[in-house]
Amino acid sequence: MKEALRTRVEDALRALLAAAGDHEPLPDFAIEVPRQKEHGDFSCNAAMLLAKRRGRKPREIAGELMDRLGDAGGLVTRAEVAGPGFLNVVLASTGWQDRIHEILEAGPRFGRAADPAPGASRPRVQVEFVSANPTGPLSTGHGRQAVLGDCIAKLLEASGWDVTREYYFNDGGRQMRVLGESVKARYLEHLGRAAAPSAEALADPEKAWQDSVDGLPVVFPKDGYQGDYIVDIAVSLAEQEGAGLVDEPGDGRFREVAQAVIFENIEGTLKRLGIHFDVYFNERSLYTDGKLDEALADLRAAGLVYDADGAVWFKATACGLDRDRVVVKSTGEPTYLMPDIAYHREKFRRGFDLVIDIQGADHIEQFPFVREAAARLGADRDRMELVMHQFVTITSGGERVKQSTRKATFITVDEVVDDVGADVFRFFMIERKRDGHLDFDLDLAKDKNWRKNPAYYVQYAHARTHGIERKALEANVAMPAPHGFDATRLVLEEEIELVKKLVLFPEIVARAAESREPHHVAYYLREVAGLWNPYLQDGERHRVLSEDAALSAARLGLALAVRHVLASGLALLGISAPERM
RNA sequence: GCCCCGGUAGCUCAGCGGAUAGAGCAGCUGCCUUCUAAGCAGCGGGUCGCAGGUUCGAUUCCUGCCCGGGGCGCCA
């Protein structure tokens, strides 16, 4: 409809310009839904863009445009020149009412891209997210990234992409060694062979560490992982194996067991959130299959690395970046950067048309180095995209909780999901735009009083469409087929408003997908629910089920359209759409 | 010092270069008690951090500054 109007406006503009002997291209004008409904259904700014070029007043041009547009082939019932030179247009109300049939016909597919033509394949995109190393349970910060990445993946799927969700992790290296040592220390403490460091020491390892307490050695590493889950793993090891592991090094069995237990925990958490990864990519495979050495050799052959201070450096300054970076330490061990470069090159070798990395704000500085190096190895710079998100700050009892992977003040996704459920968790995490800090009020989230919760508000709006259907069945009224009712019976202003809002859904989805900003969908759903719930509330004015069978059918059609949009939107956010609550 | 992200109503936040900047919550006033419920109408509340610039038009784009958060390692 918008497109049809645009075509008409373009024709009118061309005629207008031609009459003035102007054959320059048309300006890049907009046809948009005005903020205020007094300004009509659509508003066009073309006249203002042409004012200077034509040397005429914008309102004058808008007037001529209005005359030339006429009724745009029956589309327009009223038009007016307004403000500085807008052309505002009101469509025939049947233009809106008829759209309900389209929505019902598309059903759950409304708002999603059409299937590719037979024989054509979908473009392939890889979305890499979470990618937490198995050193502990997922934090709420990880949780935000998990939900964000999954929603972006769903939006891309809805936009016609073939999506691979990928999790990149490293279960080797220093982090994991420290993890093993931490578990071992707790194991020895449990067996009475070592002492735990004091709370004071744990709070400030540099200043308050003691080598022994009460005659027992403190073996807990100074930068060790302090969470209770470490103790749990150590205790269960002690229960299973007794003192048999006393001489086992920390990066032996302790590390293996800790990693297995923690990874299982992470996968369980993701599963609770409804998130499934297609590929878990282990960084170590890049070493074993030679991809890392190959990438390094190719960088060297391209003259992009050099040796200095016993280390190997990536010549990033030659790629326009501000400093060079070490890729192989003087110990001979690569930094995290080198495998990351090899990994990103592999992504393209695996045939993805687009590669998206979702990263927290603390990692964004690294991306340009990875991208430049991978690009020099044949990856396509323009098809490597970074989607950044800010942190989650947790507020509890009016105070901000400082989160640290190693400290005990750590709040996990599981804890929050235990209290609020996956649906509410996802809604809270996706509701706000990703480049701002997300202030997660734990008290509010934990509050069992669900009255004010936007997730429930939207879900309930959906459930009510089923409630009405149940009522209709009781009254032996069948739900209408997509074209099986007269939509022109929907004449009330609030009904037309609702249809107008529903019709916007495909645009919202497209915009959210393109900008990688799922929060637009969440806001939109709140708006739909914010029209639908009050509509149902006012049963005096517009009861769906009434004596007037034709009117009831039309309103049931509206209810179905609302249902499709809410269900589809909730699905894009990975939130359930219950039939009753 | 350099880089990234924010700064919009009391609070949490939306806002696609457009017109009189919005929502939810909180507050106040009146109604409603439901096709299961979170409802409706209204009121109050704003130098869109500050200053320039571009533009017919800037909360939106650009520059500088202020405030807040984060990052600047041969950690990941």
Side-chain angles (χ1 to χ4, degrees), chain A residues 30 32-36 38-39 43 45 47-52 57-58 82-86 88 131-133 135 169-170 173-176 178 223 283 308-313 322-323 325-337 339-340 360-366 368 388-391 393 395 405 431-441 444 449-454 456-457 460-461 463-465 467-472 474-475 507 511 515 519-520 522-524 526-527 529-530 533-546 552 555-556 559 580-581:
Chain A
E32 52 191 11
V33 180
R35 266 204 277 246
Q36 284 155 275
E38 300 80 57
H39 294 147
S43 176
N45 66 349
M48 290 176 289
L49 299 175
L50 282 170
K52 194 174 224 176
K57 291 178 180 166
F86 291 103
N88 293 339
S131 295
N133 288 342
T135 60
F169 70 102
N170 175 11
R174 201 188 77 90
Q175 268 188 29
M176 300 304 291
V178 172
D223 49 358
E283 178 189 318
D309 306 326
V312 182
W313 295 71
D322 59 350
R323 67 187 179 97
R325 298 288 303 266
V326 170
V327 288
V328 182
K329 299 183 234 177
S330 54
T331 59
E333 197 183 357
T335 64
Y336 73 94
L337 193 56
D340 225 10
D362 56 336
H363 280 217
I364 54 176
E365 205 185 335
Q366 320 306 334
M388 193 258 336
H389 69 90
Q390 288 288 348
F391 295 134
T393 54
T395 305
T405 314
E431 188 189 22
R432 292 169 197 169
K433 74 174 179 231
R434 55 181 169 70
D435 45 9
H437 285 99
L438 191 151
D439 184 22
F440 199 110
D441 186 337
L444 184 68
N449 179 358
W450 50 343
R451 260 185 293 184
K452 295 159 193 169
N453 194 315
Y456 291 128
Y457 188 74
Y460 183 56
R464 290 177 102 169
T465 68
I468 287 167
E469 177 167 350
R470 286 189 290 270
K471 267 280 188 278
E474 279 172 26
E507 267 179 62
R511 195 171 121 218
S515 62
H519 76 279
H520 291 304
Y523 268 86
Y524 169 78
R526 287 179 71 166
E527 287 172 357
N533 282 330
Y535 178 82
L536 295 182
Q537 205 68 27
D538 193 353
E540 287 297 313
R541 186 163 153 77
H542 28 51
R543 203 167 178 81
V544 171
L545 296 166
S546 67
S552 294
R555 287 178 172 167
L556 285 172
R580 62 174 83 226
M581 292 175 74

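Labels below follow one simple rule: chain letters A, B, ... track the order of the sequence lines, proteins then strands, and each chain is numbered from 1. These values consider heavy atoms only, across backbone and side chains, with no hydrogens, waters or symmetry-generated copies.
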For this session: Verify the stacking flag for His437(A) against rG69(B): centroid separation must be under 5.5 angstrom and the ring planes must differ by under 30 degrees.
Result: no
Exercise. According to the 5.5 Å centroid and 30° plane-angle thresholds, does Phe86(A) stack upon the nucleobase of rA19(B)?
Worked result: yes
Within the sub-3.5 Å range, which N or O atoms of nucleotides 59-62 of chain B have a protein N or O partner, and how far apart are they?
{"residue": "rU59(B)", "atom": "O4", "partner": "Arg35(A)", "partner atom": "NH2", "Å": "3.1"}

For this session: Have a look at Gln366(A) and say if it touches a base, only the backbone sugar-phosphate, or nothing, with a 4.0 Å heavy-atom cut-off.
Result: base
For this session: Indicate, with a heavy-atom threshold strictly under 4.0 Å, whether Leu49(A) touches base, sugar-phosphate, or nothing.
Result: base
Exercise. Of Ser330(A) and Val544(A), whose closest RNA chain B nucleotide lies nearer the 5' terminus?
Worked result: Val544(A)
For this session: Tell whether Ser43(A) reaches the base of rA19(B) with its side chain through a donor-acceptor pair below 3.5 angstrom.
Result: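 Such a pair exists between side chain and base.
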So, OP1 or OP2 of [N]: does either fall under 4.0 Å of a side-chain N or O from [X]?
X	N	result
His519(A)	rG15(B)	yes
His39(A)	rG18(B)	no
Lys433(A)	rG15(B)	yes
Lys329(A)	rC75(B)	yes
Arg174(A)	rC75(B)	no

Exercise. With sequence neighbours left out, what residues match Pro58(A) under side-chain contact (heavy atoms from CB on, under 4.5 Å)?
Worked result: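 side-chain contact (heavy atoms from CB on, under 4.5 Å) check on Pro58(A) returns Met48(A), Ala51(A).
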Exercise. In which stems does RNA chain B show up, taking only runs of three or more Watson-Crick or G-U wobble pairs whose two distances fall under 3.5 Å?
Worked result: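 Stem segments, range with range: B:1-7 with B:66-72, B:10-13 with B:22-25, B:27-31 with B:39-43, B:49-53 with B:61-65.
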